[in-house]
Amino acid sequence: MKKISPKKYLSFFEFNRDGFYLTEYIKSNTTHLPVSEKINYARSVLDTSVLNSFIITGCICEDIIKQLNSTTSELKFSMDNMIKNRLSHPEVTDEDYAKIPAIIKYPSKFYISKCGYDALLFKDDNKYYKLVIKTTKNRKENFVKSLHLLNESRYYKY
């Protein structure tokens with residue numbers, strides 16, 4: 001059997017569009033299931049080449065690279081995480097996802113997790129964002145883990 005490689009998207013519009021349609025497909029087939037089961041369903045019915053497809057959303061700033069001890073500045077966003085995020089955070093809009101490059105380049109503030117593999121980036125840009133990124137254990141890749149919207153009090157709580 002021929003192995004199909006994950007797609008590397010070059011257009012955020014195309015990546016976002018495919019993420020939207022795949023998420024709508026999952027939602028239409030799992031109407032009454034909780035989010036965790038919708039995510040499991042997506043992972044069971046979609047090919048791994050689709051789930052592992054990704055886009056490079058930009059480059060994380062030098063301070064975060066050093067803090068994560070990462071060997072690259074590139075930040076990837078996998079289709080698996082796009083679908084998971086769309087299912088878990090339906091309040092996040094297409095316009096919010098499009099702001100990821102600005103969030104990673106100029107975060108208002110950031111923190112590194114205790115385990116040292118995750119970074120929480122925050123941005124105050126007419127809305128309050130929390131972007132969680134992770135680096136792999138070998139420190140060779142960085143990925144978007146999730147994007148959340150925060151209210152003002154939660155933003156300032158961090």
Side-chain angles (χ1 to χ4, degrees), residues 3-26 35-123 125 127-150 155 158:
K3 183 178 177 184
I4 301 171
S5 297
K7 179 178 182 177
K8 179 180 177 182
Y9 285 87
L10 300 177
S11 158
F12 185 77
F13 172 81
E14 184 183 357
F15 175 78
N16 196 38
R17 182 201 61 211
D18 288 357
F20 172 81
Y21 287 125
L22 289 167
T23 303
E24 290 302 306
Y25 171 79
I26 298 304
V35 171
S36 62
E37 289 184 41
K38 289 179 184 197
I39 294 167
N40 289 338
Y41 175 79
R43 291 175 176 165
S44 72
V45 298
L46 297 174
D47 190 270
T48 56
S49 66
V50 171
L51 294 170
N52 291 336
S53 294
F54 66 92
I55 188 165
I56 296 172
T57 60
C59 295
I60 57 178
C61 66
E62 197 64 37
D63 289 341
I64 296 170
I65 295 169
K66 288 178 187 173
Q67 292 285 322
L68 289 173
N69 197 24
S70 180
T71 60
T72 183
S73 65
E74 286 184 342
L75 181 65
K76 296 178 179 179
F77 197 173
S78 72
M79 188 59 72
D80 181 55
N81 276 345
M82 173 57 103
I83 293 167
K84 183 178 125 196
N85 205 80
R86 283 186 170 277
L87 290 170
S88 301
H89 302 287
E91 73 283 1
V92 178
T93 67
D94 293 345
E95 292 79 23
D96 297 324
Y97 288 114
K99 290 184 180 183
I100 290 174
I103 296 170
I104 62 175
K105 192 169 184 177
Y106 303 109
S108 302
K109 55 186 175 178
F110 71 90
Y111 302 97
I112 303 299
S113 68
K114 291 178 184 175
C115 71
Y117 289 104
D118 294 342
L120 287 71
L121 287 68
F122 298 89
K123 187 74 172 169
D125 186 22
K127 290 184 182 179
Y128 299 99
Y129 296 96
K130 175 180 151 189
L131 176 67
V132 181
I133 63 173
K134 65 179 179 180
T135 191
T136 54
K137 289 188 180 187
N138 66 10
R139 312 289 184 168
K140 292 182 179 180
E141 294 179 292
N142 304 305
F143 287 93
V144 169
K145 201 170 181 181
S146 63
L147 179 64
H148 308 259
L149 294 178
L150 302 174
Y155 175 83
Y158 285 96

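The ring pair (Phe, Tyr, Trp, His ring centres under 6.0 Å) search around Tyr41 returns none, not counting sequence neighbours. Residues passing the ring pair (Phe, Tyr, Trp, His ring centres under 6.0 Å) test with Tyr106, sequence neighbours excluded: none. Ala119 is linked by a side chain to side chain contact (heavy atoms under 4.5 Å, CB included) to Ile64, Leu68, Ile112, Leu121, Ile133, counting only residues two or more places apart in sequence or in another chain. Checked against side chain to side chain donor-acceptor pair (under 3.5 Å), Lys84 has no partners two or more places apart in sequence or in another chain. With sequence neighbours excluded, the residues that form a side chain to side chain donor-acceptor pair (under 3.5 Å) with Glu14 are Lys7. Not counting sequence neighbours, the partners of Glu24 by the salt bridge (charged side-chain N to carboxylate O under 4.0 Å, His left out) test are Lys27. Legend: residues meeting side chain to side chain contact (heavy atoms under 4.5 Å, CB included) with Pro101, ordered by chain and number and at least two apart, are absent. Evaluation of the side chain to side chain donor-acceptor pair (under 3.5 Å) rule for Tyr128 yields no partner, not counting sequence neighbours. By the side chain to side chain donor-acceptor pair (under 3.5 Å) test, Lys127 is found to be paired with Asp96, residues two or more places apart in sequence or in another chain being considered. For Tyr9, the ring pair (Phe, Tyr, Trp, His ring centres under 6.0 Å) partners at least two apart in sequence or on another chain are Phe15.
In summary, the aromatic rings of Phe54 and Phe77 are positioned with their centroids too far apart to meet the 6.0 Å limit.
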Run the numbers on Ile56 and Leu75 for side chain to side chain contact (heavy atoms under 4.5 Å, CB included), then give the verdict. CA-CA 6 Å; Ile56 296 172; Leu75 181 65; 6.0 Å; no

Please step through side chain to side chain contact (heavy atoms under 4.5 Å, CB included) for the pair Tyr155 and Ser108, ending with a clear verdict. CA-CA 11 Å; Tyr155 175 83; Ser108 302; 3.1 Å; yes

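When atom types are taken as modelled, the side chain of Asn85 and the backbone of Asn81 share no donor-acceptor pair closer than 3.5 angstrom.
Interatomic distance, Ser11 OG to Asn16 CG, rounded to the nearest 0.5 Å: 9.0 Å. Annotation: the span from Arg86 atom CZ to Ile26 atom CD1 amounts to 13.0 Å, rounded to 0.5 Å. One finds the CG atom of Leu22 at 4.5 Å from the CD1 atom of Ile83 (value rounded to the nearest 0.5 Å). The structure places CZ of Phe122 at 5.0 Å from OH of Tyr158, a figure rounded to the nearest 0.5 Å. Summarising the geometry, atom CD belonging to Gln67 is positioned 9.5 Å from atom SG belonging to Cys61; distances are rounded to the nearest 0.5 Å. Between the CD1 atom of Ile104 and the CZ atom of Phe110 there is a distance of 13.0 Å, given to the nearest 0.5 Å.
Listed by first and then second residue, the side-chain hydrogen bond (donor to acceptor under 3.5 Å, both in side chains) pairs that reach into residues 132-148 are Ser70-Asn142, Lys76-Glu141, His89-His148, Asp118-Lys145, Thr135-Asn142, Thr136-Asn138, Ser146-His148, sequence neighbours excluded. For residues 40-65, every residue pair satisfying the salt bridge (Lys or Arg N to Asp or Glu O under 4.0 Å) rule, not counting sequence neighbours, is listed here: Arg43-Asp80.
Residue Lys109 places its NZ atom among more than 12 non-hydrogen atoms of other residues, nucleotides or ligands, all under 6.0 Å distant.
At a threshold of 4.5 Å between non-hydrogen side-chain atoms, the residues Pro107 and Lys123 do not count as touching. Residues Asp18 and Ser53 form no side-chain contact, since every pair of their non-hydrogen atoms from C-beta on lies 4.5 Å or further apart.
The residue from Leu147, Val144, Asp125, Thr57 that alone fulfils the side-chain contact (heavy atoms from CB on, under 4.5 Å) condition with Ile103 is Leu147.
Between Asp94 and Lys99 no salt bridge is recorded (no basic side-chain N to carboxylate O distance below 4.0 Å).
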